[in-house]
Amino acid sequence: MKEIIISSQKEFNAIPSDFEGVIKITGIVEKINRRFEKAEMSIYGSAQVESISGSAQVKSISGSAQVKSIYDSAQVESISGSAQVKSIS
């Protein structure tokens, strides 16, 4: 299975919508608002994400990752470790 590590918003925006594999977010990303039908997305380590929204699906948020807000119809399967989510609406 193909795996990519994302450390910036620019790298996230460049992921093709038909990407198949694992997307690991480790850096600073402002918005996660896309759904990847054939990919699994994780946010971990010391990643910082401003928002997860729209139809985005995230399998896990872990480590010391921080997410400011989750809203709309976005889905997160699990949050573990010392990961923090400030707001869910």
Side-chain angles (χ1 to χ4, degrees):
M1 188 178 280
K2 192 172 181 181
E3 179 179 297
I4 56 173
I5 296 176
I6 302 298
S7 58
S8 70
Q9 185 70 48
K10 184 177 179 179
E11 291 174 352
F12 180 78
N13 292 345
I15 302 170
S17 58
D18 62 349
F19 177 78
E20 294 184 36
V22 177
I23 301 167
K24 293 186 172 183
I25 298 174
T26 62
I28 298 172
V29 175
E30 289 178 27
K31 296 179 195 174
I32 296 175
N33 57 3
R34 297 168 54 199
R35 180 178 182 169
F36 298 91
E37 294 292 331
K38 298 179 180 179
E40 212 173 76
M41 192 177 344
S42 297
I43 302 168
Y44 73 103
S46 58
Q48 295 179 27
V49 176
E50 188 75 22
S51 66
I52 301 172
S53 63
S55 61
Q57 289 186 322
V58 175
K59 181 164 180 141
S60 66
I61 302 172
S62 61
S64 58
Q66 295 184 2
V67 175
K68 226 176 202 177
S69 64
I70 301 171
Y71 59 95
D72 291 337
S73 58
Q75 298 178 350
V76 175
E77 195 172 308
S78 71
I79 302 170
S80 62
S82 58
Q84 295 181 0
V85 175
K86 298 201 186 243
S87 168
I88 300 173
S89 59

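Being a predicted model, the structure only gives us computed values, none of them experimental. Nothing fancy with the numbering, it's 1 onward along the sequence.
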Please enumerate all residues that pass side-chain hydrogen bond (donor to acceptor under 3.5 Å, both in side chains) together with [X], with sequence neighbours excluded.
X   : answer
T26 : none
S55 : none
N13 : Q9

Could you pull out every donor-acceptor pair under 3.5 Å between side chains of residues 28-37 and any protein atom, sequence neighbours left out?
{"unit_1": "R34", "atom_1": "NH1", "unit_2": "F12", "atom_2": "O", "d": "3.2"}
{"unit_1": "R34", "atom_1": "NH1", "unit_2": "I15", "atom_2": "O", "d": "3.3"}
{"unit_1": "R34", "atom_1": "NH2", "unit_2": "I15", "atom_2": "O", "d": "2.5"}
{"unit_1": "R35", "atom_1": "NE", "unit_2": "Q57", "atom_2": "OE1", "d": "3.2"}
{"unit_1": "R35", "atom_1": "NH2", "unit_2": "Q57", "atom_2": "OE1", "d": "3.4"}

* **side-chain hydrogen bond (donor to acceptor under 3.5 Å, both in side chains) pairs, two or more places apart, involving residues 38-49** => S42-S60
* To do: Check salt bridge (charged side-chain N to carboxylate O under 4.0 Å, His left out) between E50 and all other residues, then give those that pass, not counting sequence neighbours.
  => K68
* Minimum heavy-atom separation for S8 to I6, with atom names? ->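 Nearest pair, atom of S8 first, then I6: O-CG2, 3.4 Å.
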* Heavy-atom side-chain contact between V49 and V58 under 4.5 Å ->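 Result no, sub-4.5 Å side-chain heavy-atom pair not found.
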* Pairwise distance CG(D72) to OG(S89) - rounded to 0.5 angstrom -> 8.0 Å
* Between CD of E11 and CD1 of I23, what distance do you get to the nearest 0.5 Å? -> 12.0 Å
* Asked: Do I88 and I61 belong together in a cluster built from hydrophobic side chains that touch within less than 4.5 Å?
  -> yes
